[in-house]
Amino acid sequence: SILGPAALRNRNVVLIGGPNYSAYAARVLSSTPFTIFEDEDLGEETIRDRSATSGASAAFVPKRDSSGQLVLVYGLITVFPNQTAFEAGPRAIIVSGVTGAGAPAAMEFFASPACLATLRASFSRDGLKHVPASYQVVIKGTRDGAMPLTWELAAYKVMQHPPTLE
């Protein structure tokens, strides 16, 4: 049977997958500043910043070496309250990425105390006294084969209007 939104409400949820593989991820990322977008001109999935005010949206595009092997990938972490109208309480986390190594790089970042300290320092530098209830983080990773080798913060956005799983 398929798990419905009501079964996920008011619970801590971690969803791993992008909009091409998960209806929930597609629904959530359709209304967030960063989203994963299939760029037909490039023939690659990219992470787009739809909130960019300079006209064209900013993009995080994977890079390939001279033999066509991916060497730079991007992951996306989306965190938001999983309870309508409440900033405290259960959270939903969506981990996605471009290419097979993007999501693992994002998970490695999110599991690293040093990386989370870097993220908290970025929040603080930007005047945020606490970790926001709703935010997205783009992770840049280098890779070897399908495995991420390094991961670091590429960008983040605080979401003023958090999405929902419903």
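In what follows, every heavy atom counts, from backbone to side chain, and hydrogens, waters and symmetry copies are set aside.
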**Q** With P62, which residues qualify under side-chain contact (heavy atoms from CB on, under 4.5 Å), at least two apart?
**A** E44, T46, L70, V98, T99
**Q** Which salt bridge (Lys or Arg N to Asp or Glu O under 4.0 Å) pairs, counting each pair once, include a residue from residues 28-41, with sequence neighbours left out?
**A** D39-R48
**Q** Group every Ile, Leu, Val, Met, Phe, Trp and Tyr by side-chain heavy-atom contacts under 4.5 Å, then state whether V158 and F110 land in the same group.
**A** yes
**Q** Find out whether L76 and I36 are in side-chain contact, i.e. whether some heavy atom of one side chain is under 4.5 Å from a heavy atom of the other.
**A** yes
**Q** Could you pull out all residues at least two apart from A103 that satisfy side-chain contact (heavy atoms from CB on, under 4.5 Å)?
**A** V95
**Q** Linking Ile, Leu, Val, Met, Phe, Trp and Tyr through side-chain heavy atoms less than 4.5 Å apart, which residues share a cluster with Y21?
**A** none
**Q** Compare all side-chain heavy atoms of L153 with those of C115 and state whether any distance is below 4.5 angstrom.
**A** no
**Q** Residues in side chain to side chain donor-acceptor pair (under 3.5 Å) with S66, at least two apart?
**A** none
**Q** Quick one: ring-ring contact (aromatic ring centres under 6.0 Å, His included) partners of Y156, sequence neighbours excluded?
**A** F123
**Q** With a cutoff of under 4.5 Å between side-chain heavy atoms, which Ile, Leu, Val, Met, Phe, Trp and Tyr residues group with L42?
**A** V61
**Q** Just to verify, what does R120 make a salt bridge (charged side-chain N to carboxylate O under 4.0 Å, His left out) with, not counting sequence neighbours?
**A** none
**Q** Quick check on R11: does its CZ atom have over 12 non-hydrogen neighbours (other residues, nucleotides or ligands) under 6.0 Å away?
**A** no
**Q** Only counting residues at least two apart or in another chain, list the ones meeting side-chain contact (heavy atoms from CB on, under 4.5 Å) with A154.
**A** F60, Y74, V138, K140
**Q** Run the side chain to side chain donor-acceptor pair (under 3.5 Å) test against T35 and tell me which residues pass, sequence neighbours left out.
**A** none
**Q** Would you please name every residue forming a side-chain contact (heavy atoms from CB on, under 4.5 Å) with P163, sequence neighbours left out?
**A** V28, S31, T32, F80, M159
**Q** Identify, with sequence neighbours excluded, every residue that meets side chain to side chain donor-acceptor pair (under 3.5 Å) alongside S22.
**A** none
**Q** Does some side-chain heavy atom of N82 sit less than 4.5 Å from a side-chain heavy atom of R91?
**A** no
